[in-house]
Structure formats: C-alpha cells, structure tokens
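Reminder, nothing fancy here: chain letters follow the sequence lines and each chain counts from 1.
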Amino acid sequence: MSNNNQKKRNFQIEAFRHRVVVDPKYAEKTWKILEHAIHEIYNHNASGLSFEELYRNAYNMVLYKFGEKLYLGLMETMTRHLVEISKSIEAAQGGLFLEELNRKWNDHNKALQMIRDILMYMDRTYIPSTHKTPVHELGLNLWRDNIIHSEKIQTRLLNTLLELVYRERTGEVINRGLMRNIIKMLMDLGSSVYEEDFEKPFLAISAEFYKGEAQKFIECCDCGEYLKKAERRLNEEMERVTHYLDAKSETKITNVVEKEMIANHMQRLVNMENSGLVNMLLDDRYEDLGRMYNLFRRVSNGLSSIREVMTSHLRETGKQLVIDPEKLKDPVDFVQRLLDEKDKYDNIISSAFNNDKTFQNALNSSFEYFINLNPRSPEFISLFVDDKLRKGLKGVSEEDIESILDKVMMLFRYLQEKDVFEKYYKQHLAKRLLSGKTVSDDAERSLIVKLKTECGYQFTSKLEGMFTDMKTSQDTMQDFYAHHPELGDTRTLVVQVLTTGSWPTQPGVTCNLPAEMSALCEKFRSHYLGTHTGRRLSWQTNMGTADIKTVFGKGQKHELNVSTYQMCVLMLFNNADRLTYKEIEQATGIPAPDLKRCLQSLACVKGKNVLRKEPMSKDIGEDDAFFVNDKFSSKFYKVKIGTVVAQKESEPEKQETRQRVEEDRKPQIEAAIVRIMKSRRVLDHNNIITEVTKQLQSRFLANPTEIKKRIESLIERDFLERDNVDRKLYRYLA
Amino acid sequence: MKKEDTVKLISAEGFEFVIDKEAAMVSQTIRNMLTSPGSFAETEHGEVTFPEISTTILEKICQYFYWSLQYSRGKETDFHIEPELTLELMMAANYLHT
C-alpha cells in the first residue's frame, strides 16, 4: 500500500505464518501445477486455469526460496515447446513457411505474456535479486536461439526475405503485411538480431542488385531517363522502409542506392553526350535539372560536379557571347543577350537548383569572368541604358522600368572597370539631357540612385551635377528673356550653362556661328556675366541643336531639326548656291572629322538629303562641292536630320576615351596610396599594391605597373621615401 | 453499474465484494489477472477468489482501492489502519502488488 511503501521496503517479508512448509514434496508438487499450466497455455487451453491459483503458487514458490527451481523449470519447459514449434515451422512448405513462422511467433508471444503475468512475482523479486534475465526477455532469447538461429531456419528465413524483396523490386506484389510482421519480430528480438540476420545481408545484396542495374541503365538510357529511374528506385526503397523495415535502415539503404546509382556514375551522367547537364541547360529542362540537383545533392561532391560543369559551360558560352565579332555589331542586342542569359540561369537556379547560394555565386563569378573579357562591355552597357532611356521605355510601366534598370545594375556590378562605364554613361547622359531625348526623368534619377547605392556618392556626384545644371539653366533662360522683352515670346536661343568638370566637355572646340546667332549669343553672355561675376563662358558648339525653317527651290517648306554644326553649314547656303568642302571648312571652322560627319548626314542619307553633292558618293572628299537639294521632299513637315546619335565609338574615339580613363585613374591611385600610407606609415611594395587594388576594386581594376609609377611619382614629389636599408619599404613623409 | 465494469472479489470465507474494475486494478496483480491475453477463468467469470485473504482484510483492501483512486485524483486524506491488521494487510499488499 502506497503509504506503507517505505516501511515495506525495509521489512523482510516473511511467509504466511499459518502456511509454514513441512511437506518436502511441496516444491515438486507446486511446480507440476505450474508446468501443467504452461503446457495448457501453449496448447491454447488456458480458459480453465485460475490465474489466482497459478499466481499464488508461483508466489509461494518464490517466497519459500524455490525461485531457482521455478526459473530453471520455466526455461526447460519453454525450450521444450520451442523445439517442437521449430519442427513444425521447418515442416512448412514453400510459401507457407513465413506464415507458419508468423503464426507461431504470435502464439509464442501471447503465451509468453500470460506466463509472465502469472510469474510476475518472480519477475518482481527473485529475478532482480539474482540478476537473471526477466521472463519476457528470456522468452525472446529462447525464441531466437531455438527458432531463428536454428540450423534449418536461419538461412531459409534470410533467403526467403531477400527473395521477396527481390521479387518486389522486379515488379511483383508481395504480402507486405506478413513481411512487416516478420521484420518486426526480428526487431523485437533485439537490434543486433535485425542487423545481423537481415539488414547486413539485405544491404549487401541490394548493393549488388543496384550495381548491375546501374550498369545496365547507363549503357542504354540517356541522362534524363537514367535519373528518372534512379529517383524512382530511391523512392521505392524509402517506401519499402516505411512499409516493412526499421526506420533506421532508411539512410543505410538510400546510401547504397545513392552510391551505386549516382556516386559511381556521376561524372559519366553529368558529361553524357547529347543528354548530359550541358544539354539540359541548353534546353531549359527544369524538371531534369531539378532531379539531377536533388539526386546529386545526396552524394558527396555531387553538387560540386554539377557546379563545375555548369560554370565551365557558362564561361564558354559567355565568352562566345562577348567576343564573337558578329555579336558585337549591335550593343543593345549584345547587352540584351547578356540579360537573357542571366535570366535563363536565374530561372534555372531558382526553379531547379533550389536557389542554391553556391550556384548563384558560381553564376556571378562566371558572368564577372566573361563580361570583363570584352573591354567594350562598360560602353555597351551604357549604350543599352541610353537606348532604353531614349526610346525603349515608352509605354512601359514603372515596375518594368525598375526591373530593367535593376537587371542592368546587376551587369554593372560584374564590371571591373566601373570608371569606364561612368565615363561613357556621362557622355550618353549628357547627350540625352542636351537633346532633351530622355523619356523619363524618374527613370534617369532612379538609375542614378542605384549607382549611388552601389558605388557611393563620389561616383554619381557629377552625374547629379548635370541634372542640377539643367534645372538652373531653365531658370537662367527665364531670367534672360524677362530682361530682354525686345526678343519677344519665341525663344530663338536656349542656352544650357554647364559646369566645367561635371560634363564631358571638350575645351577649345568651337566654330564660327552665323552672324545672326553670334549677336544673340553675345547678348546672353553679357546678361549672364552681369548676374554671375567671376565666371567664364565658352560655347560648346558641338553639343547643341537647332530647328531651322527652310524653303526649298520648289517651294517646299520644312522645319529641319539639326545640330549646331549642321545649322552653321546650312546657313551658309542662304548666301550661296554652291560651296566646296574647303569653303565650308573655312567659313565655319568646324573640326574636320565633325564636319565630314555633319556633311555626310546632310548629303548622303537617303530621304534626308537636304544637300546634294558632286560627285555623288557615300563618303565626303576634300574636293567635293555641295548644293541645296531643290528636289528635297518629305511627307513630314518636321524633318529630323540624323545628328550624331549615341553610337558605338569608332576606333580612335575609343582610344581617346581609354586614354582619358587612364588619366583619370592616376589621381585616384595616388589618393589611395596616400590614404593607405598615412595610416600605415611604413609598408612594403607588395602590400601597397594589394591594398590599393582592394580600395579601388569598386571602381576599377588597378594595374600594378601603373601603381608602381604612381608611387615613383609620389616619391619625386616628397610624399613618400624609400627606406634606406630595405629598398622595398616605403615611408610616408608627413 | 454494468456487469463488465465490475469485478467480484471473494474472500477465504466466501464473502463476496463487488467493486469497480477500475478500483480493483489499483492492484497490479488483479490488473494482470483481468488483462492477461489468454482467457483465464477469472477474466471469463469476472470474479477472483482469494483463499488466503480473510474477509476483514479483503474489506480493508477494497476500502483502500477506493481511497487510493481518490488520492491519485488529488483528494489527499489519511487512510486509517487498525494496528492489529497491519501485518496481515502488508502481506496481502505484497501479494497483490499494491
């Protein structure tokens, strides 16, 4: 009784006093009763037995110190029954074998339970004090030794089980319930029985099976098909485990399938001709790719082999994309192709590769690798933006604009020479702003904000300065016309005042304006300098545009939209019918390459040839002569003469930009060196180079030779000195 | 009270106590008798004879069963045992595994 528990433990319980044993045959008699009961239980004859009586007898036997007799008797009796049982199981034919085993196992289990119940007192007191095996466990051990490990059953059982698994693998339906019961029995007998008598041989034979199957499949299937089969096998095995094996076997058997079907054939699968990874990538086979990813993920080095092949394929195709001269003709297409490629792989990674970070990194590094293979990438990306902001974004929703810009920014991030991009971007932006061609101010600003977050304030300050100039110029013009009411309402002259340094201006390039223009320009100059003292104005005639009203020989009236240079040329024809190239050059003072281009666009473009030239040809020669084309006609009143639109730069221009970029880098490298040396005081050559490269990485990839030159220049100017002892060491001189 | 929810306990003198199965199962021994998978005579007839337990003791035991149920449900009262019954009661408790 629970409140007496404590006391009970301390007490030595003695036998019922009135039943002190005298009968020397008492133990033998009592045991006979119990032995008989055990027989009855095994013979399914228990209903006549009194539990109380049996329990009491067992209780008394233990109490009167006959525990050992009881225990040994039990062992002996049970063993005798099990030997009988094993005979009947052995006798079972073919398919009945497992069923008989299962039935006998159930019988034994039930009998064991009943025996344990009536012998509970022994289980409770005698067994713990003598460290013997408890009744239930004893029953299981005896079953194991006499049935499962009996000579005639052990191998037969294993073979039967493996045979059933094999038949199921080859498509037959087997009795899974029976299978589950038998496996459960092995598990009940202890994990070592399950492992030794079933699991180990099962794994070994499975490995053999899948080795053969993998060999067969790899010879006759393509990669996608093979993976499908491997996946199905893997799922089957997992399903098998849930149906009738120990849950702990799942990793073991899947490891076997993974090793035999995937790991051992990994390289061959990935590189399989016409169907391997590369073909899947080319054909956007998301499902196959996803399958490959999920299967390969299970084995070591699986993902890295996918990644390696993907990376090298990507680099190869990317390289083709950026250096194939055919594909470089149209910069917009070029960038669009890069974006498409990026989209393609983004999709693959997100839908088939589980958004794996390592794959994203591989993608990024591949893009970074091949974009920078082409030195013109920065220029082309800027041209792409220019194209989009000029015309491409009309009628496109705000979100789409954002997404296009975001994608461009992504490409921008891959660039090593971000400063080159900045150079071009500045040029293109200037042209857009000055010609008023930009489609959306918001989009422009949004891109600048993106560049700013990416590269910092310094990178965009000049670009922002350009926007400010545009705004200030509007106010200035308003002010100018307010002070000169005599000029009337129509604004003949619109001046944009550009801050030197912010804009890609070319100093000293100018031309002779027509007399009508110069007067107006002078007026503006004196007005502007009157309100802003200490400033200098110079005309950037190469950047302006003009609208001129023209009447042609047959009376056709048109308004021509031309560049300032073109205007200067056309105005000359107000006073002349025929002008030679030399005459035009002399009168306008336009630099030769610009003039040639300008004349070309006036005289050689079909449908827009307001001038006629002799001799007729596509190029402008120094001896050509020009006339007004009286036969000029156009459906439109307003005609836009092709100005110098943003295009790919020509070779000399490219060199020039390149040179300007190099020039601009010098002070930046120097600044970086000084910053580093100021904090470090002393540093050796190699470390300076690494530090400088690191600092400038966000803008461009500094050339070590150039850094060395800059260091030398700084030494000359007494910013640094070489250490007297170690010539590789530099000191900062404050 | 349904018949299948009760069990009859019979003392050495033949005195019958009909109590709830739930209460009787406070004793692990009785629990085993009533739940053992094979059909023992006790399970079939719903009665258990204790030829070695006197009526007085069995009555006290039945009282204890009900008291124990209540105790386990949180009603903590004392269970009074007359000193002269103590020894026999303890032996019975050992037998019944209570």
Side-chain angles (χ1 to χ4, degrees), chain A residues 1-19 37-63 106-126 135-136 139, chain B residues 7-12 24 26-54 57 60-65 67-72 76-81 83 85-98:
Chain A
M1 293 178 193
S2 63
N3 51 350
N4 288 343
N5 260 346
Q6 209 45 46
K7 250 194 264 171
K8 202 163 74 184
R9 274 200 198 121
N10 300 333
F11 260 92
Q12 183 62 47
I13 300 293
E14 292 187 16
F16 279 98
R17 230 171 273 160
H18 58 277
R19 281 287 247 133
I38 293 174
H39 284 313
E40 295 294 315
I41 287 172
Y42 270 108
N43 294 333
H44 308 286
N45 244 342
S47 55
L49 301 172
S50 158
F51 185 105
E52 197 277 342
E53 186 196 343
L54 299 172
Y55 176 78
R56 178 156 37 85
N57 282 323
Y59 174 85
N60 285 333
M61 269 187 91
V62 174
L63 222 49
N106 285 336
D107 288 351
H108 175 66
N109 239 337
K110 192 166 151 193
L112 187 57
Q113 178 108 41
M114 290 164 81
I115 293 167
R116 187 187 58 176
D117 283 343
I118 56 176
L119 299 184
M120 192 179 63
Y121 192 72
M122 177 175 79
D123 240 357
R124 227 170 86 212
T125 55
Y126 171 75
V135 175
H136 185 75
Chain B
V7 60
K8 194 188 282 176
L9 306 182
I10 305 168
S11 72
V26 167
S27 154
Q28 195 58 42
T29 307
I30 297 180
R31 174 184 288 273
N32 282 343
M33 280 180 201
L34 300 178
T35 56
S36 197
S39 44
F40 285 104
E42 284 85 352
T43 331
E44 282 185 3
H45 304 121
E47 55 179 61
V48 187
T49 315
F50 294 104
E52 291 184 0
I53 302 178
S54 69
I57 295 299
K60 197 72 191 167
I61 287 169
C62 292
Q63 284 168 10
Y64 173 76
F65 287 162
W67 175 86
S68 172
L69 272 188
Q70 288 191 328
Y71 190 88
S72 67
E76 301 187 10
T77 52
D78 286 339
F79 185 72
H80 180 72
I81 297 174
L85 293 182
T86 316
L87 183 61
E88 263 193 278
L89 207 50
M90 259 169 17
M91 290 192 297
N94 186 38
Y95 177 76
L96 290 173
H97 194 188
T98 304

Determine whether A:Y121 and B:N94 satisfy the following criterion, side chain to side chain contact (heavy atoms under 4.5 Å, CB included), listing intermediate values before the conclusion.
CA-CA 9 Å; A:Y121 192 72; B:N94 186 38; 2.9 Å; yes
Between [X] and [Y], which heavy-atom pair has the shortest distance, and what is it?
| X | Y | value |
| --- | --- | --- |
| A:Y55 | B:Y95 | OH-O, 2.6 Å |
| B:A41 | A:S50 | CB-CA, 4.2 Å |
| B:E42 | A:L49 | OE1-O, 4.0 Å |

Set of ring pair (Phe, Tyr, Trp, His ring centres under 6.0 Å) partners for A:H44, sequence neighbours left out:
none
Show your working on side chain to side chain contact (heavy atoms under 4.5 Å, CB included) between B:F40 and A:D117 and close with a plain yes or no.
CA-CA 11 Å; B:F40 285 104; A:D117 283 343; 5.6 Å; no
Which atoms of B:T29 are under 4.5 Å from chain A, going by heavy atoms: the side chain, the backbone, both sets, or neither?
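For B:T29, backbone and side chain are both near chain A.
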Regarding A:Q113 and B:S36, is there a side-chain donor-to-acceptor distance under 3.5 Å anywhere?
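No, because no side-chain N or O of A:Q113 sits under 3.5 Å from a partner of the opposite role on B:S36.
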From B:I10 CD1 over to A:E52 CD, what is the distance, rounded to the nearest 0.5 angstrom?
10.0 Å
Could you give the distance from CZ (A:F51) to OG1 (B:T35), rounded to the nearest 0.5 Å?
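Result: 7.5 Å between the selected atoms.
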Evaluate A:N60 against B:E52 for side chain to side chain contact (heavy atoms under 4.5 Å, CB included), listing each step before the verdict.
CA-CA 11 Å; A:N60 285 333; B:E52 291 184 0; 3.8 Å; yes
Who among B:L96, B:V48, B:T49 has the most heavy-atom pairs with chain A under 4.5 Å?
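Option with the greatest count: B:T49.
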